[in-house]
Amino acid sequence: MIHGASTQNTDCSLTTDSDDSDHRSTVSYKERRREAHTMAEQKRRDAIKRGYEELQGLVPTCSQQDSVSSYKLSKATILQRSIDYIQYMQLQKKKEEEDLQTLRREVIALQIMKSNYEKIVKHHQLAQPGQTSNQISDELKSQIFHAIGDSLFQSFDSSVTVKNFDELSAGIFGWLEEHCEPRALREIVMNVLKQARSQTENC
């Protein structure tokens, strides 16, 4: 009887130890999962924090804090200022692209004008084989310059009023836009050169 009781006690002792081991294993597994989750969450938060810090350093309006209060910008403020800055840069980029297109068109126009001037000079030289551009007198050059100036003054005098300074300023800018654009100047110069050539041939 004593032997049987001893055996029963031993069996109970073994069962209790096994249950305790399983319980500790389960608790340990849960703790490891909790620790892993906590570490992953901390890494995620650290990554977000670094992202906001880098964003705040890149965007000028985010890096300019209030020097008086020295308050720390909220994440929502950083995001909104970043969005505003990106939109501003997009508008600036669009404006620069438009300016670039305008400059390209002006270059093309100047190239066309240059080509036309070269054709005029070449035609003039072919019409008078015995003369070269170096044989044009200073007097003729002066006459051409004065003729261009006189033509410009005529349009200036008819377009600009001098009742007061405001009207004078507005009239000057309007005259520049209308009569001093490349195409208008080209027509003036072409007419003056034709007249000068005609006078030279008649002489």
Q: For the residue pair Thr61 and Asp84, establish whether any side-chain heavy-atom pair is separated by less than 4.5 Å.
A: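 Sidechains of Asp84 and Thr61: no contact.
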Q. Do the non-hydrogen side-chain atoms of Gln143 and Val192 ever get within less than 4.5 Å of each other?
A.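 No - every pair of side-chain heavy atoms lies 4.5 Å or more apart.
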Once side-chain contact (heavy atoms from CB on, under 4.5 Å) is applied, do any residues pair with [X], and if so which ones, sequence neighbours excluded?
| X | value |
| --- | --- |
| Ser74 | Ala76, Thr77 |
| Arg45 | Glu41 |
| Lys75 | Ile48, Tyr52 |
| Ser82 | Leu55, Val59, Cys62, Ile78 |

Q.
Starting from Leu73, can I reach Ile86 by hopping between I/L/V/M/F/W/Y residues whose side chains sit under 4.5 Å apart?
A.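 No; Leu73 is not reachable from Ile86 via cluster members.
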**Q.** Partners passing salt bridge (Lys or Arg N to Asp or Glu O under 4.0 Å) against Lys94 (at least two apart in sequence or in another chain)
**A.**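 Expected list: none.
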Q) Which residues satisfy the salt bridge (Lys or Arg N to Asp or Glu O under 4.0 Å) test with Asp99, sequence neighbours excluded? A)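 Asp99: salt bridge (Lys or Arg N to Asp or Glu O under 4.0 Å) contacts with Lys95.
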Could you work out, with side chain to side chain donor-acceptor pair (under 3.5 Å) as the rule, every residue matching [X], not counting sequence neighbours?
| X | result |
| --- | --- |
| Gln154 | none |
| Lys43 | none |
| Asn191 | none |

(Q) Using the ring-ring contact (aromatic ring centres under 6.0 Å, His included) criterion, which residues pair with Tyr88? Sequence neighbours excluded. (A)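 With sequence neighbours excluded, Tyr88 shows a ring-ring contact (aromatic ring centres under 6.0 Å, His included) to no residue whatsoever.
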Q. Does anything in residues 142-155 pair up under salt bridge (Lys or Arg N to Asp or Glu O under 4.0 Å), and if so which pairs, sequence neighbours excluded?
A.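 Passing the test, one end in residues 142-155: no pairs.
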Would you tabulate the side-chain donor-acceptor contacts of residues 101-108 under 3.5 Å, counting partners in other chains and residues two or more places apart, or write 'none'?
residue: Thr102; atom: OG1; partner: Glu98; partner atom: O; Å: 3.0
residue: Thr102; atom: OG1; partner: Arg105; partner atom: NH2; Å: 3.3

